[in-house]
2 protein chains.
Amino acid sequence: MDRPELALHQLHVFAVLAEELHFGRAAVRLGIAQPPLSQQIRRLEERVGHPLFARGPRGVSLTPAGRELLPAARRALDELAAGLDAARRIGSGTAGRLRVGFAASLALTVLPALLRSYRERYSQVDLEIREMTTAPQVAALHEGEIDVGLLREPPAAPDLDTRVILSEGFVAVLPSTHPLAAQRAVRVKQLAEEPFVLLPRAIGPTVHDRIVGLCRAAGFEPAIAQRAVEWQTVAALVEAGLGVSLAPASIRRIRLGGVAYRRIEPGTARTTVAIGWRRDDPNPLLLHFLEVAHDCFGSG
Amino acid sequence: MDRPELALHQLHVFAVLAEELHFGRAAVRLGIAQPPLSQQIRRLEERVGHPLFARGPRGVSLTPAGRELLPAARRALDELAAGLDAARRIGSGTAGRLRVGFAASLALTVLPALLRSYRERYSQVDLEIREMTTAPQVAALHEGEIDVGLLREPPAAPDLDTRVILSEGFVAVLPSTHPLAAQRAVRVKQLAEEPFVLLPRAIGPTVHDRIVGLCRAAGFEPAIAQRAVEWQTVAALVEAGLGVSLAPASIRRIRLGGVAYRRIEPGTARTTVAIGWRRDDPNPLLLHFLEVAHDCFGSG
DNA sequence: GCGGTCCATAGCGCCAGAGGTATCACACGG
DNA sequence: CCGTGTGATACCTCTGGCGCTATGGACCGC
């Protein structure tokens with residue numbers, strides 16, 4: 001590509017004059033005096049190599065060469081104005097596309113609140129959310145496949161930054177008719193003989209292993225009677241009496257009439273949810289997303 | 001439309017850097033040193049208001065804002081390069097559109113030679129030829145409907161310039177078997193008893209009236225036995241024995257085996273063909289057309 | 001012929017910015 | 001730990017060209 005021969009400024013002047021077809025009026029519209037306008041046009045014509053306007057005593061008219069150049073000039077000006085505008089919107093983070101990965105265990109808890117808040121503030125941003133477990137999220141962040149991830153138990157990765165947005169305990173999920181639901185807190189050991197409803201391990205290996213780990217720490221292997229791919233379904237199955245479950249506390253947001261959530265004892269076990277991103281990612285949308293997350297979940 | 005905020009030059013620099021993704025190489029391609037390139041990019045980024053490149057130690061990459069601006073910049077640059085090129089071609093008269101009016105009596109004589117010569121030299125010019133008699137041509141020139149006209153017996157019009165490209169006598173058109181074809185020249189009077197083949201007056205009133213005038217000057221009213229809208233047809237009808245004709249000498253270019261063209265006496269009557277154009281027309285195609293006409297038909 | 005309209009020309013002041021050189025800061029690899 | 005390659009920074013020069021005012025010159029209508 002050759003160096004551009006024309007100045008955009010002159011093309012603008014040209015376009016205005018081509019509309020007015022009158023040096024005086026065009027100069028007024030441009031906010032300059034008439035002689036400078038004449039100069040600009042002359043300079044442009046010199047660069048083009050041919051006259052663009054035919055000067056008459058009753059105003060001016062375009063020459064064929066001018067008629068040919070005009071649409072190109074207009075398109076170029078519009079193109080740039082639009083492109084610049086779009087670039088600025090993206091640069092300022094008020095528009096663009098943000099690809100968000102999330103762990104399945106967050107699909108009905110932190111994710112909706114976060115996305116809703118974000119959408120409210122940045123309605124022009126195209127959010128692309130993708131469900132994936134923690135390890136693939138880390139890989140996808142590295143590959144640039146996603147811009148931000150919502151991770152359970154964030155691993156430390158060299159090029160990634162993470163911020164914990166939620167640290168929560170576990171709760172027992174019980175049918176409200178269950179005897180244990182009468183207690184304010186449930187000892188994990190008390191669930192030893194109960195059938196369990198859990199997510200398949202493949203969906204959320206991290207949280208799955210934590211839950212199974214809790215049971216083992218209490219001295220039993222949970223008897224998994226039923227699997228369900230969404231926490232909502234897990235809750236529904238518990239409500240239907242198919243079993244009990246242990247889940248991160250944020251599951252409380254799923255409110256079902258026949259389900260009771262009870263603090264467990266010991267309550268020391270906690271699981272963290274973090275937001276992760278490429279440390280060197282300059283994308284302003286990311287910063288905004290982090291801000292929104294901060295506002296949503298405190299200074300976690 | 002607002003004043004443009006960017007300099008095309010910077011967009012060019014931007015586009016090159018976006019291709020190379022390396023300040024050093026881009027600077028070489030641009031033929032400048034590296035620091036000025038850094039400055040250009042910085043200036044552009046300042047105007048846009050956001051970084052366009054993410055600088056890394058192993059080269060640079062585009063930010064989302066940069067990715068958004070790049071296609072717009074490229075399109076604008078291409079647009080302008082193409083538009084400028086087209087405008088120059090038109091300005092220099094090597095491309096464009098030229099609307100040519102012509103009198104029917106020239107359709108098979110001067111017109112083809114002229115157009116062929118012109119097309120050879122200016123192959124990119126879009127020639128639009130339109131058959132019309134002299135008076136409408138003059139009007140069409142005034143209206144800007146045509147750019148140049150080929151006129152029989154050009155009238156003097158205030159805003160039009162004309163140049164005679166051909167001044168020719170008349171010839172008798174005879175079947176080659178006709179007794180008069182044995183003579184080298186024919187007196188008009190000798191045609192008094194012959195049936196005539198002529199164009200309808202509406203097609204070429206000027207030349208038609210000149211021919212009828214020749215007969216009257218020789219003392220008779222021509223008996224028009226047949227009309228034909230093209231001179232080629234006239235010649236063919238003469239060949240077929242339907243009559244004789246009088247025609248401008250350039251009709252000789254229509255070569256038919258059974259037709260003889262003979263000089264007439266007295267040979268003083270001449271008809272002129274002129275090229276006409278708007279005096280103030282800046283169209284360079286017109287100048288070229290006049291040049292070609294000059295070369296084709298001498299400095300007449 | 002005179003004033004009005006319209007564009008071109010001349011000459012001037014001024015500064016944004018393009019380009020240069022020299023040097024720095026940083027990251028990475030041996 | 002030091003060389004190498006990357007881009008950034010500092011500082012300088014110089015000029016292109018933008019805009020101004022004042023004036024010229026062509027044309028038109030009254």
Side-chain angles (χ1 to χ4, degrees), chain A residues 2-63 66 158-159 278-282, chain B residues 2-63 66 77 158-159 278-280 282:
Chain A
D2 300 340
R3 19 165 51 87
E5 307 175 53
L6 306 178
L8 217 45
H9 187 237
Q10 291 172 339
L11 291 172
H12 176 229
V13 162
F14 167 64
V16 170
L17 179 56
E19 281 172 24
E20 296 291 340
L21 291 179
H22 185 287
F23 276 73
R25 285 195 301 273
V28 169
R29 250 185 69 180
L30 290 164
I32 62 175
Q34 169 262 316
L37 173 57
S38 285
Q39 284 187 25
Q40 294 287 14
I41 297 298
R42 191 165 57 83
R43 261 192 268 274
L44 180 61
E45 288 177 329
E46 277 169 10
R47 295 204 184 178
V48 172
H50 308 281
L52 300 171
F53 291 98
R55 279 77 163 173
R58 323 185 69 67
V60 293
S61 59
L62 279 167
T63 62
D159 295 341
R278 282 183 298 281
R279 182 167 300 146
D280 62 349
D281 192 338
Chain B
D2 300 340
R3 18 167 51 86
E5 307 175 53
L6 306 178
L8 265 192
H9 186 238
Q10 292 172 340
L11 291 172
H12 176 227
V13 163
F14 166 63
V16 171
L17 179 57
E19 281 172 24
E20 297 290 341
L21 291 178
H22 186 287
F23 276 74
R25 285 195 300 274
V28 169
R29 250 184 70 182
L30 290 165
I32 62 175
Q34 170 262 317
L37 173 58
S38 285
Q39 285 187 25
Q40 295 286 16
I41 296 298
R42 191 164 57 84
R43 262 193 269 274
L44 180 61
E45 289 178 328
E46 276 169 11
R47 295 206 183 178
V48 172
H50 306 282
L52 300 171
F53 291 98
R55 278 79 163 171
R58 323 184 70 66
V60 294
S61 59
L62 279 168
T63 61
L77 288 167
D159 294 340
R278 282 183 298 282
R279 183 169 299 147
D280 62 350

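By convention in this document, chain letters (A, B, ...) are assigned in the order of the sequence lines, proteins followed by strands, and residues within each chain are numbered from 1. These numbers come from a predicted model, not from an experiment.
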| field | Range on DNA chain D touched by chain A - first to last nucleotide, heavy-atom distance under 4.0 Å | value | D:dG17 to D:dC28

| said: Using the rule given for side-chain contact (heavy atoms from CB on, under 4.5 Å), can you reason through A:L62 versus A:F53, listing the C-alpha separation, both sets of side-chain angles and the distance that settles it, and then say yes or no? | reply: CA-CA 4 Å; A:L62 279 167; A:F53 291 98; 3.5 Å; yes

| field | B:R25 (side chain) donor-acceptor with B:F23 (main chain) under 3.5 angstrom | value | no

| query | So which of residues 30-45 of chain B are in contact with DNA chain C, with a heavy-atom cut-off of under 4.0 Å? | reply | B:I32, B:A33, B:P35, B:P36, B:Q39, B:Q40, B:R43

Side chain to side chain, [X] and [Y], heavy atoms closer than 4.5 Å:
X     : Y     : value
A:H22 : A:V60 : no
A:L21 : A:L17 : no
A:L44 : A:V13 : no

| field | A:R279: partners by side chain to side chain donor-acceptor pair (under 3.5 Å), with sequence neighbours left out | value | A:D161

| For atom CZ of A:R55 and atom C1' of C:dT5, their distance in whole Å | 17 Å

| request: Would you mind reading off the distance between B:H12 atom NE2 and C:dG19 atom P, rounded to a whole angstrom? | output: 11 Å

| request: Could you grab the distance from atom CG of A:L8 to atom CG of B:L8, nearest 0.5 Å is fine? | output: 4.5 Å

| message | With rounding to the nearest 0.5 angstrom, report the CD to CD distance, A:E45 to A:Q40. | response | 12.0 Å

